Amino acid sequence: MALLFLLSLAGLFPTAAVPFSVGWKTLTLFDLLFGAAVIQAGFRRSLRPLDRRLACAAATFWVGAWVALAVHPTGAGLRVVFQCGYSLVVFLLAAHLSLKPLEARPLILRPLGVALVIAWVIFTTENLAGISVGANLSPSLPSYIHRLGGFTGGNALILFICLGAPLVTHPSLALLGVALSGCATLSRSMMGMGVAILLARWRAQPTHRSWSYATTALAWISIALGLFAYLFAVIPVEPAQRTSLIPSLQPGSYLTVHRADVRMFASQPLVGVGPGRAVQFFSRFATPEERKMVVYAPMRLNPHSAILGLAAEQGVVGLGAFAWLMFEIYRRLGASTDHDYRRLASAALTGLLVGGHFVDWIALKGLWLWIGFIVAASASTTEAGEQTGSD
């Protein structure tokens with residue numbers, strides 16, 4: 001379990017690398033720990049029998065990426081496809097581990113707690129010492145406004161919070177702290193955290209009513225603020241021009257990028273414009289007025305949506321395969337005999353999907369690892385129920 005804890009923690013800090021490269025890939029601490037986890041699982045024979053439906057769905061998702069790449073071959077696309085394949089391997093390994101809910105939840109919550117402590121220390125130091133961490137700044141905010149993120153950046157950290165927040169059940173004060181951290185990321189993906197918390201608390205028995213009400217209120221506030229940021233946040237062509245928090249109430253940059261994604265999808269709905277090519281095609285599918293509204297750097301402006309980005313780059317083929325994979329994951333979660341865990345796990349995945357609609361996450365292998373942990377724990381309760389029935 002110690003190795004899995006370190007692997008989970010490394011997933012939150014993907015830039016933590018070792019000075020060694022294999023071709024175009026720089027090895028990270030996550031890569032080394034993942035390799036060690038695979039060896040350990042094989043040595044201990046701690047992997048469950050293969051779930052063929054889950055594996056076929058994951059394989060189909062990867063094949064869909066190859067189909068899109070075959071139609072639109074590029075070096076950048078090849079890299080995206082291999083990153084996707086690596087993430088899916090991480091997910092499948094984790095999903096077949098022998099884990100129980102009481103084992104899986106600490107593997108998610110303890111690393112998340114460490115990351116939040118580091119993020120708050122950095123955030124406090126930034127504001128007291130007048131220093132800046134680039135990942136905590138946003139071109140849509142004045143330069144004096146920092147957001148919580150630490151070494152992960154606000155947009156990445158909030159996705160981990162979306163997935164982990166529902167698993168925080170006791171005490172309520174801890175969940176309140178996680179919710180406050182999610183709001184402090186100042187990301188439109190706060191919507192995902194709010195949805196996840198509301199779903200997790202639906203039909204749950206509150207322990208401390210005052211903290212429960214405060215957390216519920218924060219969840220609704222995060223949804224409202226995230227939606228407002230999505231609709232109206234403008235990333236100016238010259239970030240230095242952003243000196244005020246007063247909203248212009250003109251269509252937001254994120255909404256503008258998503259409109260371009262939809263146009264890309266409509267232009268080639270079957271297999272999209274090709275993996276990793278939405279960045280290159282933004283200027284082609286955006287109007288001159290839209291291009292003036294958004295900071296445009298060819299290697300920086302991504303689709304800003306896991307769902308719409310997948311539709312734009314891989315079309316119906318990729319989107320359909322992803323939908324099947326998510327269906328299979330929900331199926332595994334729904335088969336759990338532990339009703340509370342089933343509710344919390346489903347809320348966690350839903351929160352990630354909602355938050356991921358506004359931020360890309362498919363390439364983040366740390367999130368796939370956590371999804372795998374959640375699925376593995378659900379499988380253990382299912383097997384426990386089957387064993388009890390057979391007895």
Side-chain angles (χ1 to χ4, degrees), residues 51-72 76-95 155-156 159-160 162-163 189 191-192 195-196 257-258 260-262 264-279 281 302-334 345-375 378:
D51 184 325
R52 291 181 176 83
R53 291 179 56 176
L54 194 64
C56 285
T60 301
F61 182 40
W62 198 44
V63 169
W66 278 105
V67 170
L69 180 66
V71 177
H72 305 286
L78 182 63
R79 180 169 183 170
V80 169
V81 171
F82 275 113
Q83 286 177 334
C84 175
Y86 183 25
S87 295
L88 292 174
V89 170
V90 170
F91 160 70
L92 287 174
L93 172 74
N155 289 329
L159 294 174
F160 284 94
C162 288
L163 193 58
S189 285
M191 281 181 278
V195 169
V257 174
H258 287 180
D261 295 336
V262 172
M264 290 182 213
F265 171 68
S267 69
Q268 300 193 52
L270 185 59
V271 294
V273 299
R277 300 185 79 190
V279 171
F281 279 72
N302 58 45
H304 282 291
S305 173
I307 308 301
L308 292 179
L310 187 62
E313 295 187 345
Q314 298 182 31
V316 173
V317 172
L319 199 59
F322 179 74
W324 182 29
L325 177 57
M326 290 300 108
F327 172 80
E328 291 299 330
I329 293 174
Y330 273 113
R331 179 187 63 84
R332 284 283 297 267
L333 300 181
S346 298
L349 182 59
T350 303
L352 176 61
L353 291 178
V354 172
H357 178 65
F358 306 98
V359 176
D360 303 304
W361 67 267
I362 292 180
L364 294 178
K365 48 188 179 286
L367 286 171
W368 283 106
L369 176 72
W370 282 16
I371 297 173
F373 286 159
I374 291 174
V375 171
S378 179

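On a predicted model such as this, the values are computed, not experimentally measured, just so you know.
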**Q** Any chance you could lay out the side-chain contact (heavy atoms from CB on, under 4.5 Å) test for L78 and F82, step after step, and finish with the verdict?
**A** CA-CA 6 Å; L78 182 63; F82 275 113; 3.4 Å; yes
**Q** Starting from the C-alpha separation in whole Å, work towards a yes-or-no answer on side-chain contact (heavy atoms from CB on, under 4.5 Å) for L54 and F91.
**A** CA-CA 10 Å; L54 194 64; F91 160 70; 4.0 Å; yes
**Q** So, taking the atom named CZ in F358 and the one named CG in L308, what distance separates them when rounded to the nearest 0.5 Å?
**A**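 Interatomic distance, F358 CZ to L308 CG, rounded to 0.5 Å: 9.0 Å.
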**Q** Within the distance-only criterion (no hydrogens, no angle test), does the side chain of H258 pair as donor or acceptor with the backbone N or O of H304 below 3.5 angstrom?
**A**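 It does hold such a pair.
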**Q** Can you find a heavy atom in the side chain of H357 that is under 4.5 Å from one in the side chain of M191?
**A**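 Sidechains of M191 and H357: no contact.
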**Q** Out of curiosity, Y86 OH to W62 CH2, how far, rounded to the nearest 0.5 Å?
**A**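 Nearest 0.5 Å value for the OH-CH2 distance: 13.5 Å.
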**Q** Answer yes or no: is there a donor N or O on one side and an acceptor on the other, between the side chain of E328 and the main chain of R53, under 3.5 Å?
**A**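 Such a contact is absent between E328 side chain and R53 backbone.
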**Q** What are the two closest non-hydrogen atoms of A65 and Q314, and how far apart are they?
**A**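 Between these two residues, the closest heavy atoms are CA-OE1, 3.4 Å.
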**Q** I'd like to know if the side chain of T60 reaches the main chain of C56, judged simply by a donor and an acceptor atom lying under 3.5 Å from each other, with no hydrogens or angles considered.
**A**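 Pair found, side chain donor or acceptor close to backbone of C56.
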**Q** What pair of heavy atoms forms the shortest contact from P275 to L69, and how long is it?
**A**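 Heavy-atom minimum between the residues: CD-N, 3.7 Å.
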**Q** If you measure from CG on L333 to CD1 on I329, what distance do you get to the nearest 0.5 Å?
**A**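 Here the interatomic distance stands at 7.5 Å.
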**Q** Is there a donor-acceptor pair under 3.5 Å between the side chain of E313 and the backbone N or O of G276?
**A**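 Present.
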**Q** How close do A58 and L92 get, counting heavy atoms only, and between which atoms?
**A**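 Smallest interatomic distance, heavy atoms only, reads CB-CD1, 4.0 Å.
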**Q** Taking all non-hydrogen atoms of both residues, which atom of A363 and which atom of Q83 are closest, and how far apart?
**A**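 A363 and Q83 have their closest heavy atoms at CB-OE1, 4.5 Å.
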**Q** In Å and rounded to the nearest 0.5 Å, what is the CG to SG distance from L349 to C162?
**A**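 The distance works out to 11.5 Å.
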**Q** Before giving the answer on side-chain contact (heavy atoms from CB on, under 4.5 Å), spell out for I362 and L367 the whole-Å C-alpha distance, their side-chain angles and the decisive distance to 0.1 Å.
**A** CA-CA 8 Å; I362 292 180; L367 286 171; over 6 Å; no
**Q** Any side-chain heavy atom of I307 within less than 4.5 Å of one from L319?
**A**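 They are in contact (side-chain heavy atoms under 4.5 Å apart), so the answer is yes.
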**Q** Using every non-hydrogen atom in the two residues, find where L159 and G356 come nearest and quote the distance to one decimal.
**A**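 Scanning both residues, the minimum pair turns out to be CD2-N, 3.9 Å.
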**Q** Step by step, would you call L270 with V71 a side-chain contact (heavy atoms from CB on, under 4.5 Å)?
**A** CA-CA 10 Å; L270 185 59; V71 177; over 6 Å; no
**Q** Could you give the distance from CG (L163) to CD1 (I374), rounded to the nearest 0.5 Å?
**A**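 Interatomic distance, L163 CG to I374 CD1, rounded to 0.5 Å: 4.0 Å.
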**Q** Parallel, tilted or perpendicular: which describes the rings of F61 and W368, with under 30° parallel and over 60° perpendicular?
**A**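 Aromatic pair F61/W368 classed tilted.
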**Q** Verify, without hydrogens or angle tests, whether S267 (side chain) and M264 (backbone) share a donor-acceptor contact under 3.5 angstrom.
**A**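 Indeed, once roles are kept as given, a pair shorter than 3.5 Å links the two residues.
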**Q** Tell me which one of P303, S189, S305 satisfies side-chain contact (heavy atoms from CB on, under 4.5 Å) with V359.
**A**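 Going through P303, S189, S305 one by one, the side-chain contact (heavy atoms from CB on, under 4.5 Å) with V359 is satisfied by S189 alone.
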**Q** State the CZ-CD1 distance between R332 and I371, to the nearest 0.5 angstrom.
**A**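 So the gap between those two atoms works out to 13.0 Å.
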